[in-house]
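The structure appears below as structure tokens.
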2 protein chains.
Amino acid sequence: MPTGPAKNGRRRPTRTAGPAKRQADYLSQTRREHAHEIAEDYVEAIADLAAEAGQARVVGLARRLGVTHVTVIRTIARLKKAGFVTAQPYRGISLTDEGCALAAMCKNRHETVAAFLRSLGIPEQVAEMDAEGIEHHVSPETLAAFKACLRKPRP
Amino acid sequence: MPTGPAKNGRRRPTRTAGPAKRQADYLSQTRREHAHEIAEDYVEAIADLAAEAGQARVVGLARRLGVTHVTVIRTIARLKKAGFVTAQPYRGISLTDEGCALAAMCKNRHETVAAFLRSLGIPEQVAEMDAEGIEHHVSPETLAAFKACLRKPRP
DNA sequence: CATGGACGGTAGCCATGGCTACATTATTGC
DNA sequence: GCAATAATGTAGCCATGGCTACCGTCCATG
Ligand SMILES: [Mn+2]
Ligand SMILES: [Mn+2]
Ligand SMILES: [Mn+2]
Ligand SMILES: [Mn+2]
């Protein structure tokens with residue numbers, strides 16, 4: 001029932017401007033992180049496949065990412081434009097230096113997050129699942145804190 | 001240089017099928033979580049505004065979420081269809097019972113994640129920032145582990 | 001009680017990231 | 001060598017979630 005025409009003369013002058021603005025910044029930042037998320041998961045998968053099979057190819061990526069090959073092809077085109085990968089039609093996909101660096105960072109961060117969760121007693125599979133989403137929203141500060149916790153485990 | 005026609009006869013028979021499938025499942029699940037993410041942030045914001053100002057209105061949500069009022073209106077339409085809110089044109093936005101329950105869950109989870117990060121020594125603002133993204137990817141198991149850590153802090 | 005300015009809504013644009021259906025190219029097994 | 005098959009690519013659909021530009025409502029205040 002709190003719905004209806006604005007009661008009480010002059011709706012509050014939005015004195016919530018401060019906190020609201022801060023929250024808006026946080027959410028905007030999270031949205032920016034999401035835009036990066038796909039790139040991160042792709043370069044990580046490409047690096048893995050290159051290590052495992054010598055070469056990353058479209059179907060391999062599709063299988064590993066749980067999407068169709070069409071989605072992979074279109075995403076690769078964007079990653080190419082963004083400078084993370086190189087690829088020619090009907091050839092394998094390779095990481096640029098930038099892509100390689102990103103993959104290394106992501107791999108390290110992913111493993112740290114997963115290890116940290118496991119250290120809290122989370123079962124392997126659940127930790128891996130959560131890490132897949134959490135990793136993209138972990139700041140350097142938080143990552144450092146996770147690493148610190150892993151170095152000195154509690155008794 | 002690992003690019004070129006598939007070398008070595010018969011490309012590996014994709015014996016990576018097991019692990020790849022598992023990874024694909026994790027990533028698919030993360031994508032599903034993302035689809036829910038907006039709904040979660042919206043109902044949380046609506047509950048906050050209702051508590052603060054007596055009523056959640058479009059501009060208030062827009063300011064708090066860091067998007068334009070147009071985006072809010074369209075998203076609210078989807079949330080309405082999904083059964084989380086009720087709203088009539090030019091009136092405030094209210095949560096359904098389901099939306100209210102979701103908001104309560106999200107608020108609790110958000111606060112737990114933020115408090116956990118702060119307990120690791122992460123500065124207030126950074127913790128709040130990270131929590132805004134992490135919260136949506138925390139399983140019940142992990143949430144419980146965070147709460148357990150908060151109950152018995154280390155010396 | 002009229003109206004200006006804040007609020008709410010519509011139209012239509014764009015990018016992203018899914019998909020199916022169909023076409024083309026490479027590789028391989030015969 | 002060649003046909004079958006697997007891999008890759010294209011066309012075109014949809015939903016989501018942003019946006020600007022413009023138009024309609026409402027109500028607090030003069
Ligand atoms: Mn991930
Ligand atoms: Mn959030
Ligand atoms: Mn939140
Ligand atoms: Mn996310």
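Using a 4.0 Å cut-off between charged side-chain N and carboxylate O, A:Glu37 and B:Arg31 make no salt bridge.
Ring orientation note: the planes of A:Phe116 and A:Phe146 are close to parallel, at an angle under 30° on the 30°/60° scale.
One interatomic measurement links the two molecules: CD of A:Gln55 to P of C:dA26, which rounds to 14 Å at whole-angstrom precision. Between the CZ atom of B:Arg57 and the P atom of D:dT25 there is a distance of 16 Å, rounded to whole Å. Following rounding to the nearest Å, B:Tyr90 (OH) and D:dT25 (P) show an atom-to-atom distance of 6 Å. As a whole-Å value, the separation of A:Arg63 CZ from D:dT8 C1' is 13 Å.
In terms of the ring pair (Phe, Tyr, Trp, His ring centres under 6.0 Å) criterion, residue partners of B:His34 (sequence neighbours excluded) are, by chain and number, A:His34, B:His137. Under the salt bridge (Lys or Arg N to Asp or Glu O under 4.0 Å) criterion, B:Arg109 pairs with B:Glu40, sequence neighbours left out.
A:Lys80 places a side-chain N or O within donor-acceptor distance of the main-chain N or O of A:Ala87, the cut-off being under 3.5 Å.
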Would you mind building the protein contact string for nucleotides 10-19 of chain D? One character per nucleotide, 5' to 3', B for base within reach (heavy atoms under 4.0 Å), S for sugar-phosphate only, - for untouched. BB----SBBB

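In this model, no donor atom of one side chain and acceptor atom of the other lie less than 3.5 Å apart for A:Gln23 and B:Glu128.
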